[in-house]
2 protein chains.
Amino acid sequence: MDGTADSREGMLSRMALNDNKAGMEGLDRDKINNIILEASKGSRFYVNEVKKEQQVNERIGKMMRHKAKLTEQQIQKAQLSAELEMGRELGRVIVHVDMDAFYAAVEMRDCPELKDKPMAVGSMSMLSTSNYHARRYGVRAAMPGFIAKKLCPNLVIVPLNFDKYTAVSEQVREVFAAYDPHFLPMSLDEAYLDITEHLHERQHWPESMRSYKSCDNEVPVETDNLSPVLFEDSPSSSPSLPGSDGKVEVFGTSPEEAVREMRFRIEQKTSLTASAGIAPNMMLAKVCSDKNKPNGQYSILPERQAVMDFIRDLPVRKVSGIGKVTEKMLAALDIFTCAQLGQQMRVLSLLFSETSWHHFLQISLGLGSTRIERCVTLPALSIRVTEPLPLSEM
Amino acid sequence: MDGTADSREGMLSRMALNDNKAGMEGLDRDKINNIILEASKGSRFYVNEVKKEQQVNERIGKMMRHKAKLTEQQIQKAQLSAELEMGRELGRVIVHVDMDAFYAAVEMRDCPELKDKPMAVGSMSMLSTSNYHARRYGVRAAMPGFIAKKLCPNLVIVPLNFDKYTAVSEQVREVFAAYDPHFLPMSLDEAYLDITEHLHERQHWPESMRSYKSCDNEVPVETDNLSPVLFEDSPSSSPSLPGSDGKVEVFGTSPEEAVREMRFRIEQKTSLTASAGIAPNMMLAKVCSDKNKPNGQYSILPERQAVMDFIRDLPVRKVSGIGKVTEKMLAALDIFTCAQLGQQMRVLSLLFSETSWHHFLQISLGLGSTRIERCVTLPALSIRVTEPLPLSEM
DNA sequence: ATACATACC
DNA sequence: TACTGGTATGTAT
DNA sequence: ATACATACC
DNA sequence: TACTGGTATGTAT
């Protein structure tokens with residue numbers, strides 16, 4: 001028949017003549033392949049080759065099915081990782097926000113007698129958090145309560161009220177969502193945000209949209225939700241008219257101001273403080289949020305030099321992902337800071353797995369993820385986005 | 001005792017207080033650690049932590065022993081791979097030399113009757129090489145002889161004379177060693193050379209050191225090894241004085257001329273021809289050596305654009321390491337040329353392993369190894385380095 | 001770690 | 001009649 | 001693939 | 001008395 005040549009093309013690429021070689025240009029492939037197949041057909045070799053050919057075809061089928069399932073998202077992500085290989089991305093403003101001593105702070109808020117005492121949340125077996133008073137005794141998260149009691153006999157241990165923390169967390173997340181609807185929560189008390197878009201919009205916002213009333217009550221003010229009025233450009237329309245029971249704070253349009261505002265709103269809403277880090281990537285933002293804890297923030301400007309200056313003397317242990325074991329192993333190599341990490345890359349690349357030393361390399365260059373993607377869509381959040389409390393509403 | 005604190009430092013980093021946390025600055029670590037250890041000692045938890053601590057210490061010990069064994073060479077190599085990640089290295093002149101139809105050529109040289117006939121070396125079960133005449137029938141290496149006979153009934157099959165090929169290979173390698181004592185043989189008939197150093201020296205060589213007598217006899221001329229005389233700069237001292245039975249070839253100082261000279265010397269010595277590729281890395285050099293086969297050479301200039309131009313329409317199958325299976329898989333994705341390979345990197349990075357797509361990426365960028373390292377030191381080569389046959393000796 | 005597949009000469 | 005055999009490296013589990 | 005180790009909250 | 005438990009990811013074989 002006539003179809004033989006074609007079906008052979010597809011089916012017997014293994015057996016057909018490979019004319020990819022000097023001196024073999026322009027041969028009559030069909031004729032030659034006919035002779036080759038005729039001579040081979042039915043032999044053990046032939047049967048084996050056919051089997052292998054089928055294996056390869058299956059593998060290709062698998063690949064094509066895999067390809068068909070790829071979402072645009074995935075391809076996009078791959079594109080990004082390729083871009084990351086190319087160079088540093090400084091264009092995103094990433095924020096890491098971390099509630100201060102979260103569980104302990106909630107309990108202190110709701111039971112003022114605890115405020116002056118060293119206290120911790122958890123049990124005699126395990127503590128989840130301690131307040132700052134208790135920390136002066138060496139009492140901290142992940143310490144068993146009975147040991148903490150030895151360090152600080154007056155320590156008050158409050159049992160966990162998970163439902164309460166969850167409810168407060170919801171309130172905090174509503175604030176997060178106002179700055180980045182795609183924010184990535186890492187636990188009840190911390191999250192990453194990409195506020196790049198927010199900042200762009202914010203540039204055109206009138207002061208009224210950046211003005212918040214300070215209420216001294218511990219409960220959030222957002223009781224009556226009036227119309228979000230008066231978007232006039234003239235600052236005269238809404239100058240600092242002190243409200244009923246508080247003064248007015250006006251926040252600027254810079255990243256730092258936006259984050260101050262976010263922390264202000266969290267505190268107004270929950271009476272709890274948060275700390276934050278602002279940086280061009282997640283790894284740096286996380287380190288920054290710890291820098292001025294509690295109730296503080298720190299930012300790294302989006303410039304290579306600023307990043308490198310920040311990284312230079314940073315202890316490796318400060319970086320998320322470097323725990324006590326890795327810290328100890330690096331210490332054995334006289335590596336304590338990120339700069340030292342960078343200086344020793346050659347040796348590290350020989351002593352650690354590729355994954356590990358690539359991670360080290362990224363750290364030493366101050367690189368990290370610049371895109372935040374929420375893994376799982378959390379339930380019913382960011383739907384009723386928090387209302388700002390503009391001056392006009394006062 | 002006093003030493004406890006220190007031995008604890010080393011031994012119980014897992015249990016000791018981690019004061020790497022806000023609000024825990026300047027605590028009395030020693031006192032706190034004493035209490036922690038006192039409370040823990042002997043418990044099941046404690047015993048387990050000690051065990052893990054020992055594991056970590058062993059791991060560190062292993063790493064340090066590994067580190068101690070690292071040679072400077074290895075660290076050097078690691079340095080290079082880091083550099084490769086940084087950018088393209090165009091400073092080396094890499095050559096791939098490949099003898100033309102080696103075994104067949106040797107047999108034809110030693111048995112002139114074969115010259116006009118289609119012939120191959122091997123057996124009825126398997127052929128190692130065929131001459132160019134036979135290739136016109138589709139007869140090629142890795143084809144069983146009995147099939148080849150069907151394609152070309154007049155085919156002469158000569159059995160393998162391995163010892164002879166080895167001896168000739170030695171002669172060829174002596175020539176290689178004159179251009180790169182560290183050349184890397186890949187088989188009896190091919191090798192990679194880094195002629196960068198040779199070219200630097202060559203710049204200062206007088207013409208006499210680049211002049212070779214052409215002898216028409218089939219046996220190499222190097223019978224009497226006279227003193228390598230006359231290194232004068234004046235070209236007048238040794239102008240083209242035709243030798244006894246041949247004319248004189250003077251080779252220039254460029255990479256192309258050096259390689260032409262090398263091929264000339266191989267032919268003079270063995271009566272066999274070689275083809276060569278010249279490029280800034282091994283991957284490209286290998287492809288180039290195939291381009292003008294037989295008895296030709298091809299070079300890619302050490303410029304990014306030249307590399308990219310060369311790569312653009314190159315079929316992926318031409319690249320060493322891409323075999324029929326990979327070719328077929330890529331073809332299923334409509335990828336045939338290196339440029340297409342580059343265009344599809346995002347999808348490829350999702351469908352293939354990291355090793356594979358990194359390889360593809362390298363290929364698509366025209367990157368390859370720029371340093372040649374001989375894996376195993378071959379026996380007694382490059383010791384009696386070949387004498388050039390300078391004009392002065394004629 | 002293991003078995004197996006790919007690739008090269 | 002008859003489709004190598006050694007080596008390196010990658011893939012899959 | 002599996003078991004286990006590291007890291008985080 | 002008492003040293004979490006869930007998840008993700010990396011390492012070793």
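Below, chains carry the letters A, B, ... as their sequence lines are ordered, and counting in each starts from 1. What's counted below: heavy atoms across the whole structure, side chains too, no hydrogens, waters or symmetry copies.
- When distances run from any side-chain atom of V325(A) to the nucleotides dT11(D), dA7(E), dC3(F), the shortest one goes to dA7(E).
- A donor-acceptor pair is defined here as one N or O able to donate and one able to accept, closer than 3.5 Å; such a pair exists between the side chain of N33(B) and the backbone of L17(B).
- A 4.5 Å side-chain heavy-atom check between F102(A) and E190(A) finds every atom pair outside the cut-off.
- Distances shown here put a side-chain N or O of T326(B) below 4.0 Å from the OP1 or OP2 atom of dA7(C).
- Checking dA2(F), dT4(F), dA5(E) against every side-chain atom of Q55(B), the shortest atom distance belongs to dA5(E).
- Here the side chains of N161(A) and V106(A) are not in contact, with every heavy-atom distance at 4.5 Å or above.
- Close to dC8(C), at under 4.0 Å from its OP1 or OP2, lies a side-chain N or O of R317(B).
- A salt bridge links K52(B) and E49(B); the closest N-O separation between the charged side-chain nitrogens and carboxylate oxygens is under 4.0 Å.
- Comparing dA5(E), dT6(C), dC3(F) by their nearest atom to the side chain of V56(A) picks out dT6(C).
- Between dA12(D) and dT13(F), the distance separating the two P atoms is 22 Å to the nearest Å.
- At the heavy-atom level, V47(A) lies nowhere under 4.0 Å from the strands shown.
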Do D98(A) and S275(A) pass the side-chain hydrogen bond (donor to acceptor under 3.5 Å, both in side chains) test, and can you show the C-alpha distance, the side-chain angles, and the key distance before you say yes or no? CA-CA 5 Å; D98(A) 201 322; S275(A) 296; over 6 Å; no
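- The gap from the P atom of dT11(F) to that of dA1(C) amounts to 15 Å, rounded to the nearest Å.
- Distance CG (N18(A)) to P (dC3(D)): 20 Å, rounded to an integer number of Å.
- D189(A) comes within 4.0 angstrom of the backbone, heavy atoms only, and of no base.
- If you take CG of L127(B) and P of dA2(D), they are 16 Å apart, rounded to a whole angstrom.
- A sub-4.0 Å separation between OP1 or OP2 of dT4(D) and a side-chain N or O of S128(B) is absent.
- Residue S40(B) places none of its side-chain N or O atoms closer than 4.0 Å to OP1 or OP2 of dC3(F).
- The residue S320(B) sits close only to the backbone: its heavy atoms come under 4.0 Å of sugar-phosphate atoms, none of a base.
- Remark: dA5(E) base-pairs with dT9(F); criterion is Watson-Crick or G-U wobble with both hydrogen-bond distances under 3.5 Å.
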Walk me through whether S43(A) and S40(A) qualify under side-chain hydrogen bond (donor to acceptor under 3.5 Å, both in side chains). CA-CA 6 Å; S43(A) 71; S40(A) 299; 5.5 Å; no
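- The listed nucleotides are dT4(D), dT11(F), dC3(F); the one nearest the side chain of S356(A) is dT11(F).
- Positionally, the nearest nucleotide of DNA chain D for F146(B) lies more toward the 5' end than for the other of F146(B) and K62(A).
- OP1 or OP2 of dG10(D) has not a single side-chain nitrogen or oxygen of T355(B) nearer than 4.0 Å.
- Within the 4.0 angstrom heavy-atom criterion, no nucleotide atom of any strand lies near L188(A).
- Note on K324(A): only backbone sugar-phosphate atoms sit closer than 4.0 angstrom, heavy atoms only; bases stay farther off.
- Proximity of R59(B) to the phosphate of dT11(F): no side-chain N or O atom is located under 4.0 Å from OP1 or OP2.
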